[in-house]
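Just below is one structure, and these are the notes that go with it.
Both counts, for ligands and for their atoms, begin at 1 and track the order of listing. In what follows, residues are counted from 1 in the order of the sequence shown. Bear in mind the structure is a predicted one, so any value in this text is a computation, not a measurement.
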Amino acid sequence: MKLLTYFLIWVFLLEVQPFEIPTDGLSEFAEYEDLVELAPGKFQFVPENRRHQRSLSEESGEKMEDADQVTLYSYKVQSTITSRMANTMIQSKLVNHSPQPQNVVFDVQIPKGAFISNFSMTVDGTTFTSTIKEKTVGRALYSQARAKGKTAGLVRSTALDMENFKTEVNILPGAKAQFELHYQEVKWRKLGSYEHRLHLQPGRLAKHLEANVWIIEPQGIRFLHVPDTFDGHFDGVPVISKGAQKAHVSFKPTIEQQRKCPNCSETAVDGELVVMYDVNREEKAGELEIFNGYFVHFFAPENLDPIPKNILFVIDVSGSMWGIKMKQTVEAMKTILDDLRAEDQFSVVDFNHNVRTWRNDLVPATKTQIADAKRYIEKIHPVGGTNINEALLRAIFILNEANNMGLLDPNSVSLIILVSDGDPTVGELKLSKIQKNVKQNMQDNISLFSLGIGFDVDYDFLKRLSNDNRGIAQRIYGNQDTSSQLKKFYNQVSTPLLRNVQFNYPSPPITDVTQNSFHNYFGGSEIVVTGKFEPNKLEQLQSIITATSASTDLVLETLAQMDDLEDFLSKDKHADPNFTKKLWAYLTINQLLAERSLAPTAAAKRKITKAILQMSLEHHIVTPLTSMVIENDAGDERMLADAPPQDHSCCSGALYFGSKVASASIPSWAQPSPTPVMALPAVGARPLESTPPPHVIRVENDPHFIIYLPKSQKNICFNIDSEPGKILNLVSDPESGILVNGQLIGAKKPENGKLSSYFGKLGFYFRSEDLKIEVSTENITLNHGSRTSRLSWADTAHIAHQRVLVSVKKQKVVTLTLGSDMSFSILLHRVWKKHPVNVDFLGIYIPPTNKFSPSVHGLIGQFMHEPKIHIFNERPGKDPKKPEASMEVKGQKLTVTRGLQKDYRTDIVFGTDVPCWFVHNSGKGFIDGHYKDYFVPQLYSFLKRP
Ligand SMILES: *[C@@H]1O[C@H](CO)[C@@H](O)[C@H](O)[C@H]1NC(C)=O
Ligand SMILES: *[C@@H]1O[C@H](CO)[C@@H](O)[C@H](O)[C@H]1NC(C)=O
Ligand SMILES: *[C@@H]1O[C@H](CO)[C@@H](O)[C@H](O)[C@H]1NC(C)=O
Ligand SMILES: *[C@@H]1O[C@H](CO)[C@@H](O)[C@H](O)[C@H]1NC(C)=O
Ligand SMILES: *[C@@H]1O[C@H](CO)[C@@H](O)[C@H](O)[C@H]1NC(C)=O
């Protein structure tokens with residue numbers, strides 16, 4: 001049974017150390033476990049007559065030394081958090097004032113899942129620095145040093161959500177020692193905030209004691225809170241300064257303040273300094289930060305309705321749960337059940353060697369049902385064995401049955417919450433078989449969350465089980481606090497807000513994207529996606545997130561500028577310019593570790609192992625596959641630090657529910673050039689949506705039109721909302737024999753319930769030349785009688801046919817000119833090849849100088865005769881940013897709204913904003929008749945005038 005994770009360090013004691021500890025068999029950790037038994041988290045001074053140093057004590061015959069003769073003169077803990085990426089340093093300096101050599105232990109707690117990146121120490125003038133090596137290489141180096149007759153001691157970790165880093169050295173009388181440890185971690189948002197914990201355990205009074213946390217969050221800090229810890233002893237000692245995007249928490253108690261009581265020599269600094277904060281979120285589409293060759297996308301939308309959930313609680317009621325565990329579980333379950341929402345459906349499965357259910361079917365979470373379920377749970381008497389396999393299969397069966405009978409809302413999510421405290425003892429015992437059974441039956445529409453209570457449970461197994469089925473596992477410590485730990489965990493998954501969340505980025509230039517497909521997004525959490533790009537190839541980055549909310553399919557878009565952060569970060573000396581790179585490495589390595597534990601074949605596993613190793617070395621971090629070798633300049637003193645073998649798997653409790661892991665889901669858009677581009681047809685507009693912040697641009701769809709009226713010098717815009725396939729007449733001039741029609745195509749999927757349409761094909765007819773030209777997003781085809789010629793968007797080329805010149809600018813624009821007084825431009829808008837929503841489409845520009853006949857008509861043609869318009873009574877609209885006005889045109893009075901539309905002729909990526917007055921209802925009143933009057937049956941049909 002793996003109850004504890006070990007963090008192992010072999011320490012070479014200095015030469016003065018005459019004793020020897022058996023050190024054979026590096027892999028047999030167990031025999032060293034009792035070498036150092038210290039309370040976790042303390043900086044301790046180990047008296048020399050301690051059991052494991054008995055040889056020295058015996059030899060010298062000294063009595064136990066007064067530990068006070070070692071003075072801690074400085075203890076410093078510093079963190080900087082740059083956009084969730086936290087770097088922490090712990091440093092201490094001490095002197096041995098006693099006449100005897102003293103053993104000191106540097107023993108600090110760091111959060112599980114953090115990556116140690118550096119350790120250094122200076123002992124009596126000798127400096128030790130660290131390098132990261134592949135584990136086997138590190139061990140070989142260690143063995144070499146050992147062969148020279150050095151001795152080693154072993155240190156282990158005891159804490160659960162923390163790991164200990166310990167080294168032990170012996171310092172001579174009068175000598176100094178200094179230790180410095182660095183580690184990195186990513187702050188995961190849980191229940192609406194980030195929590196940063198620093199364990200301050202100097203073990204004794206320190207002449208200088210200082211803890212600092214600097215927070216730099218480009219999104220802005222919404223709140224920051226330092227809960228009172230240390231039993232209120234340090235009321236008012238932490239100093240908090242908070243600006244809009246930066247904050248600093250400083251804790252600097254004087255030596256008098258450190259004393260537990262006025263005359264004590266004990267320190268009251270023994271606990272955690274906790275800083276909690278959250279950031280501002282204005283964008284539903286999240287915050288996209290691009291910097292130094294990497295991007296990081298933070299996504300934590302709020303103000304969404306919860307998605308109904310179908311939830312099955314599967315509770316272990318075997319004999320081992322008897323007592324406090326069961327009592328606490330019942331207590332937690334009662335509040336959890338009370339928190340179910342009216343739209344939720346639930347049931348309870350309890351199991352020992354048998355499997356029982358409270359209800360065989362899912363039932364709605366009504367007050368009566370909840371009360372009944374509570375009574376059922378209260379009556380449970382734990383007894384008997386543990387049949388996990390059977391219990392999970394029953395729960396899955398209940399959910400699948402309900403679905404097959406059509407009883408589940410198609411827009412709901414299905415969850416199983418397993419609470420267990422032990423390994424299976426009845427039924428299927430083979431863990432790999434259980435894992436297989438569960439996966440097979442779950443398909444991919446249920447998420448499994450596991451809570452392991454106490455120490456008898458095979459937590460690694462629960463973790464694999466959950467990771468394999470879109471959930472996570474958490475260990476619960478099985479004490480008086482069990483109930484609140486269970487509740488807290490449940491709260492993290494109790495509010496599903498989105499399903500099927502997919503993040504899309506254009507590739508190239510984006511590569512090496514971390515997991516970008518998530519089964520669920522839960523309120524209070526945050527999804528983080530990162531990736532790489534080639535810096536000089538990127539000026540801006542567009543991302544598109546698709547997801548399903550309680551009420552609709554969402555498409556959320558963000559555009560970030562390359563240099564947005566540069567200025568901000570360069571102005572802060574604490575900001576870490578490498579935060580994007582570290583975030584990327586942290587996520588990628590964690591993901592690879594999770595993939596590795598689920599790798600189907602040995603070969604696949606080796607491949608992943610190699611990738612992790614390479615990244616760990618490159619980024620200089622201790623992972624389960626690397627060791628840190630700590631040695632002095634001469635290389636004759638060496639120590640080795642290993643990470644625990646199995647406890648770094650994904651994200652230490654982050655809410656990560658991918659249906660796939662990264663490498664499988666990296667999108668690969670093949671098209672090399674496509675710049676994301678906005679829609680634009682002839683011309684177009686819609687009322688300005690609540691003004692998006694500067695770096696966010698919404699892609700506008702639909703054929704929308706901007707009509708420039710030269711005499712009144714005004715732009716008027718309108719949209720035509722119609723179905724894909726329809727053909728609209730744009731210009732119909734039978735007298736001069738010129739025709740322009742456009743056929744609509746639809747987007748790949750609806751956005752907010754509406755399917756956008758664009759021009760996918762345009763047909764031009766020039767009767768005088770008997771020439772038909774069809775321009776689609778794929779081809780440019782000229783038809784003259786039975787002769788056909790083609791041009792491609794892939795080349796810059798032109799073709800002349802009598803008076804008509806067709807010229808193509810590669811992947812950008814086709815210009816048609818007829819003599820000197822008629823021209824049309826068609827812009828090609830390409831989206832990335834696998835864009836989840838948008839399709840390639842065309843925009844058309846018609847200059848007002850074109851000489852048509854007086855009888856010209858069509859949606860655009862009619863405006864070649866400029867109507868008289870009068871715009872007056874400008875006033876604030878319903879939305880203060882969108883003023884309204886009245887417009888008189890063609891004998892009608894319309895209400896128009898101020899809008900902005902893009903003209904892409906000069907800047908095909910961003911377009912130029914064109915302010916215009918927007919006419920509602922598909923241009924009603926501004927265009928002659930109804931927009932449906934402009935439908936024509938064929939691409940070359942003239943408009944029938946009534
Ligand atoms: C580790 O820390 C030491 C001492 O602060 C420093 O000299 C060294 O450059 C650091 N190494 C790395 C890789 O950051
Ligand atoms: C602390 O020590 C001083 C003198 O050493 C003594 O006068 C005082 O009463 C002591 N205070 C407490 C709280 O024990
Ligand atoms: C999951 O999908 C399978 C196959 O489509 C279906 O039979 C089952 O009922 C679904 N289960 C749930 C809970 O939706
Ligand atoms: C950032 O990374 C670069 C390259 O890896 C390194 O040279 C530089 O020292 C790092 N900067 C900081 C402040 O860590
Ligand atoms: C474009 O032209 C190619 C041949 O050059 C043809 O195979 C394809 O079907 C055409 N596409 C359309 C939309 O007409």
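- Every atom of ligand 1 with a heavy atom of S120 under 4.0 Å away is listed here by number and element: 4 (C).
- Ring planes of W358 and F346: parallel class, angle under 30° (limits at 30 and 60°).
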Can S412 and N310 be said to form a side-chain hydrogen bond (donor to acceptor under 3.5 Å, both in side chains), step by step?
CA-CA 7 Å; S412 60; N310 319 303; 3.0 Å; yes

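- With a 4.0 Å heavy-atom cut-off, ligand 3 is reached by the side chain of N445 but not by its N, CA, C or O.
- The side-chain tip of R84 points at the ring of F298 from less than 6.0 angstrom away and within 45° of straight on.
- Interface of S414 with ligand 3, defined as ligand atoms under 4.0 Å from a residue heavy atom, comprises 13 (C).
- The salt bridge (Lys or Arg N to Asp or Glu O under 4.0 Å) search around K187 returns E185, not counting sequence neighbours.
- Remark: R356 engages D350 in a salt bridge (Lys or Arg N to Asp or Glu O under 4.0 Å) (not counting sequence neighbours).
- The ring of Y586 has its center closer than 6.0 angstrom to the ring center of F115.
- At a 4.0 Å heavy-atom cut-off, ligand 1 does not touch H182 at all.
- Checked against a 3.5 angstrom limit, the closest N/O atoms of N400 and ligand 3 fall inside it.
- The side-chain hydrogen bond (donor to acceptor under 3.5 Å, both in side chains) search around D339 returns K487, not counting sequence neighbours.
- For ligand 4, the 4.0 Å heavy-atom shell contains residues P577, N578, K581.
- Cation-pi geometry between K582 and Y294 is not met: the NZ or CZ atom fails to fall both under 6.0 Å from the ring centre and inside 45° of the normal.
- Scanning all heavy atoms of the two residues, the minimum distance from I311 to Y490 falls at CD1-CE1, 3.8 Å.
- Every atom of ligand 1 with a heavy atom of E180 under 4.0 Å away is listed here by number and element: 5 (O).
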